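None of these values were measured; they are calculated from a predicted model. Computed over heavy atoms, backbone and side chain alike; hydrogens, waters and symmetry mates excluded. Chain identifiers are assigned alphabetically (A, B, ...) following the order of the sequence lines, protein sequences preceding nucleic acid strands; residue numbering begins at 1 within each chain.
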Amino acid sequence: MQFDEFSEKLSLMETTESRLKIRDYLFDLYNNLNKNERQFTTYLLQSRIFPAYLNKELNIGQSIIIQAISKSFGQSMNEIEKKHLELGDLGETAECFAEKRKQKSLFSKKITLLEVYDTLKKLVDTTGKNSTESKINLISSLYNNTNPKETKYITKLILKSLRLNLGIQTIIEACALKVIKDLGYKTHDENMQEYKKIKETIDLKQSVCNDLGKVVSDIWNFGFKSIDKITIKPGIPIKCALGEREKSPEAIIERLGYCLVEGKYDGFRTQVHKGEKIQMFSRRGENSTNYFPEFGPLLEKAKHSFILDCEAIGFNSKTKKFLSFQETIKRKRKYDIKEMSEKIPVKLMVFDVLYLDGKETLQLPLKERRKIVEKIVKEINNSNIQTTIAIKTNKSKELKSFFDNCLNLGLEGIMAKDLNRSYVPGSRDFGWIKLKKNYLSGQADSFDVCIVGYFCGQGKNKTMPSSLLCAVYDEDKNTYNVITKVGSGLTEDQMISFKAEFETITTKKPENINTNLEPDMYVEPKFVIEIICDEITKSPLYKFTKGFSFRFPRFIKIREDKSPQDTTTIEEIEEMYYLQHSI
DNA sequence: CTTGGCTGCCC
DNA sequence: ATTCTGC
DNA sequence: GCAGAATGGGCAGCCAAG
């Protein structure tokens, strides 16, 4: 397929909101692609170059793209950034400058979808000294052979910001439609039950091989039956099951009844594979084997082959306490593995088994899988590999007191699980339910901060103040010290109203605002807002607040009743920080 | 040789 | 990670 | 309720600039 044709199809999907329509466009797109194009095009549609588990990335972001636009279209970086701010999308920004150049390059040759993909692959392999310049040149060479619309989509592909309103599930639906039509039905709703079953099968297969591109390609090229042979094998990461949130112990029991309730460890999701060799994978399917060499010899002791679902979390053997996420995450590294494994010892907390001795265990009910987990962990017989703490209950009071115990042990909260359910890879639903302290009403840490600037948003938030720069007031020095940005929690209406309010108070950077982050616009300190977070963190970035900032900050409301000097103080925040670590 | 910006991946 | 929004 | 797309802090690693 020519790339200009592909761009037109992306454009069509981008401007469509109905998922069913997008699915139909996708179906047509796949029909129009040839045998060899379907797999990699699926990666592109998911804003990828390769399946996730290959650990191959472009390492190109806004900064390099802006340089490439500058080089290709002879605009200053400033000019481009200005346009970007206005349009809220670098793809459209590139398109805009390509429009202006249009007349000059009448003789450029047409480019194919495959050629674009090959160039993207080349970009992935461009590393080392002067690689940034080489990357810019490669992108530039693409820009020089494309029309404005192609320029736009090449940019969006590189930046992984296609914004097509299209995800995995929509691609799966397009596949299911293909299968249903191959079976002789005209539309999917002629046999809704069959259609749903097909969807489930496709979803399971793509979760098991972690490679939707392969599944799409197999279905179109070799038929639905051909994906039967995709099975679980040690060495290939399976998509993790995830949980939904619920607001209280009562709500959880109402949904699940008698259930398994486990401690929720704030670490690093780790899928352990023991086949011919031992390998580990992260939640996104990245190979994480090298992070944790200490588990190899322990796992070897178990006689079985298996795939276990675990959380790896740092542990202080002197205080007998689990380490914070910020400590544990330091073990995600390439160098100094040995030293860090001694400095930050990690425990593997096992909670599920997906495969055992050549057989899938996914389909077994959780209560059976849990027994297997306990057996394997017992065999390994080492305190650094344990099962998660857990109870079984159908009483919300019991659940609540177990939850409180977990918090006292320094855990994040609990996971409650349906004992009769199979393991559903890639799911995020109420089969697993998580409860953390701040989900309970009134239990989240709350702060009042003053807005001193804002950032304009991307995509659907373009031209909106979608992220607010927040500061706490220092009475002694009469300064506003920036402590966090906050964007999550703002509704469209709130952004619109902030935009109007900010128009009259936009200002040059006031003398008494201290910040390491340069917002798109500064505003005079006027609005105090309430924000909540999960935790106070120690930050290398926010230097003007004794290094304090927030984990998972979100906007709650405007505090009309407060003046800019009435923010939470840094002393109060410091006190809370030390309290949260002395549980 | 050090520093700082950028990027991707953890949550 | 959390949150909002259209379907 | 699902699916998708907005948004957060902070870690290591890579590369360019100094």
Figure out the CD1/P separation between A:Ile531 and D:dG8, and round it to whole Å. 12 Å
Tell me what A:Glu535 touches on the nucleic acid: a base, only sugar-phosphate, or nothing, going by heavy atoms under 4.0 Å. nothing
Hey, are A:Glu535 and A:Tyr577 close enough side-chain-wise for a donor-acceptor pair under 3.5 Å? no
Going by side chain to side chain donor-acceptor pair (under 3.5 Å), A:Tyr153 matches just one of A:Lys9, A:Glu14, A:Glu95. Which one? A:Glu14
Spacing between A:Leu468 atom CG and D:dG9 atom P, to the nearest angstrom: 12 Å
Flag if over 12 foreign heavy atoms under 6.0 Å of CE, A:Met521: no
Show the numbers, then the answer: is there a side chain to side chain contact (heavy atoms under 4.5 Å, CB included) between A:Ile570 and A:Ile483? CA-CA 9 Å; A:Ile570 200 61; A:Ile483 190 163; 4.2 Å; yes
Not counting sequence neighbours, which residues clear salt bridge (charged side-chain N to carboxylate O under 4.0 Å, His left out) with A:Lys239? List them please. none
Residues that A:Glu311 engages under salt bridge (charged side-chain N to carboxylate O under 4.0 Å, His left out), provided they are two or more places apart: none
Between C:dA1 and B:dG8, how far apart are the C1' atoms? Round to whole Å, please. 16 Å
Per atom distances to the A:Asn165 side chain, the nearest of D:dG10, D:dG9, D:dA5 is D:dA5
Hey, do the aromatic rings of A:Phe548 and A:Tyr542 have their centres closer than 6.0 Å? no
Reckon A:Thr484 touches a base, only the sugar-phosphate, or nothing at all at heavy-atom distances under 4.0 Å? sugar-phosphate
Could you tell me the separation between the CZ atom of A:Phe552 and the P atom of D:dC11, rounded to a whole number of Å? 13 Å
Below 4.5 Å, heavy atoms only, C-beta onward: do A:Asn210 and A:Ile238 meet side chain to side chain? no
For a quick check of understanding: with a heavy-atom distance under 4.0 Å over all strands, which category does A:Lys135 fall into, base, sugar-phosphate or nothing? nothing
If you compare every side-chain N and O of A:Ser466 against the phosphate oxygens of D:dT7 (OP1, OP2), does one of them come in below 4.0 Å? yes
Please name all residues satisfying salt bridge (charged side-chain N to carboxylate O under 4.0 Å, His left out) with A:Asp89, sequence neighbours left out, ordered by chain then number. A:Lys156, A:Arg163
Euclidean distance, atom CD1 of residue A:Ile171 to atom C1' of D:dG4 [Å, nearest integer]: 12 Å
Reading nucleotides 12-18 of chain D from 5' to 3' and marking B where a protein heavy atom lies under 4.0 Å of the base, S where only the sugar-phosphate is that close, and - otherwise, the string is SSSSS--
Check whether NZ of the Lys or CZ of the Arg A:Arg331 lies under 6.0 Å from the centre of the six-membered ring of A:Tyr291 and within 45 degrees of that ring's axis. no
Mind checking which nucleotides bracket the chain A contacts on DNA chain B, 5' to 3', with an atom under 4.0 Å from a heavy atom? B:dC6 to B:dC11
Looking for any heavy atom pair under 4.0 Å, which part of the strands does A:Lys436 touch: base, sugar-phosphate only, or nothing? sugar-phosphate
Rounded to whole Å, please give me the gap between CG in A:Asp89 and P in D:dA5. 13 Å
Just checking A:Lys538: base, sugar-phosphate only, or nothing, at a heavy-atom cut-off of under 4.0 Å? sugar-phosphate
Whole-Å distance separating the NZ atom of A:Lys485 from the P atom of D:dG8: 4 Å
Whole angstroms only, please: what is the OH-P distance between A:Tyr577 and D:dG10? 10 Å
Determine the contact category for A:Lys434: base if any of its heavy atoms lies under 4.0 Å from a base atom, sugar-phosphate if only primed atoms, P, OP1 or OP2 are that close, otherwise nothing. sugar-phosphate
Once you apply a heavy-atom cut-off of 4.0 Å, does A:Glu286 come out as touching a base, just sugar-phosphate, or nothing? sugar-phosphate
Ignoring backbone atoms, test whether A:Thr537 places a side-chain nitrogen or oxygen under 4.0 Å from the OP1 or OP2 oxygen of D:dG10. yes
Could you name each residue pair satisfying salt bridge (Lys or Arg N to Asp or Glu O under 4.0 Å) that touches residues 198-208 of chain A, not counting sequence neighbours? A:Glu173-A:Lys199
Is any side-chain N or O of A:Gln458 closer than 4.0 Å to OP1 or OP2 of D:dA6? no
Pairs under 3.5 angstrom only: tabulate donor-acceptor contacts from the side chains of residues 49-68 of chain A to other protein residues two or more places apart or in another chain.
from	atom 1	to	atom 2	distance (Å)
A:Glu57	OE1	A:Lys160	NZ	3.2
A:Glu57	OE2	A:Arg48	NH2	2.7

Base, sugar-phosphate alone, or nothing: which one does A:Phe268 contact when heavy atoms must sit under 4.0 Å apart? sugar-phosphate
Heavy-atom nearest pair, A:Pro237 first then A:Gln271, reads CA-OE1, 3.5 Å
Listed partners of A:Glu574 passing salt bridge (charged side-chain N to carboxylate O under 4.0 Å, His left out), at least two apart: A:Lys546
Between A:Arg163 and D:dA6, is there a contact of a side-chain N or O with OP1 or OP2 at under 4.0 Å? yes
Euclidean distance, atom NZ of residue A:Lys239 to atom C1' of D:dA3 [Å, nearest integer]: 14 Å
Residues two or more places apart in sequence or in another chain: which of them pass ring-ring contact (aromatic ring centres under 6.0 Å, His included) with A:Phe527? A:Phe498
Between the protein and nucleotides 3-7 of chain C, are there any N/O to N/O pairs under 3.5 Å, and if so, what are the atom names and distances?
from	atom 1	to	atom 2	distance (Å)
C:dT3	OP1	A:Arg554	NE	2.9
C:dT3	OP2	A:Arg245	NH1	2.9
C:dT3	OP2	A:Arg245	NH2	3.1
C:dT3	O4'	A:Ser488	OG	3.0
C:dC4	OP1	A:Gly489	O	3.3
C:dT5	OP1	A:Glu492	N	3.1
C:dG6	O3'	A:Glu17	OE1	3.1
C:dC7	OP1	A:Glu17	OE1	3.2

Among residues 43-55 of chain A, which contact DNA chain B at a heavy-atom distance under 4.0 Å? none
All N/O donor-acceptor pairs, side-chain side in residues 454-472 of chain A, below 3.5 Å, sequence neighbours left out:
from	atom 1	to	atom 2	distance (Å)
A:Gln458	NE2	A:His84	NE2	3.3
A:Ser466	OG	A:Gly457	N	3.3

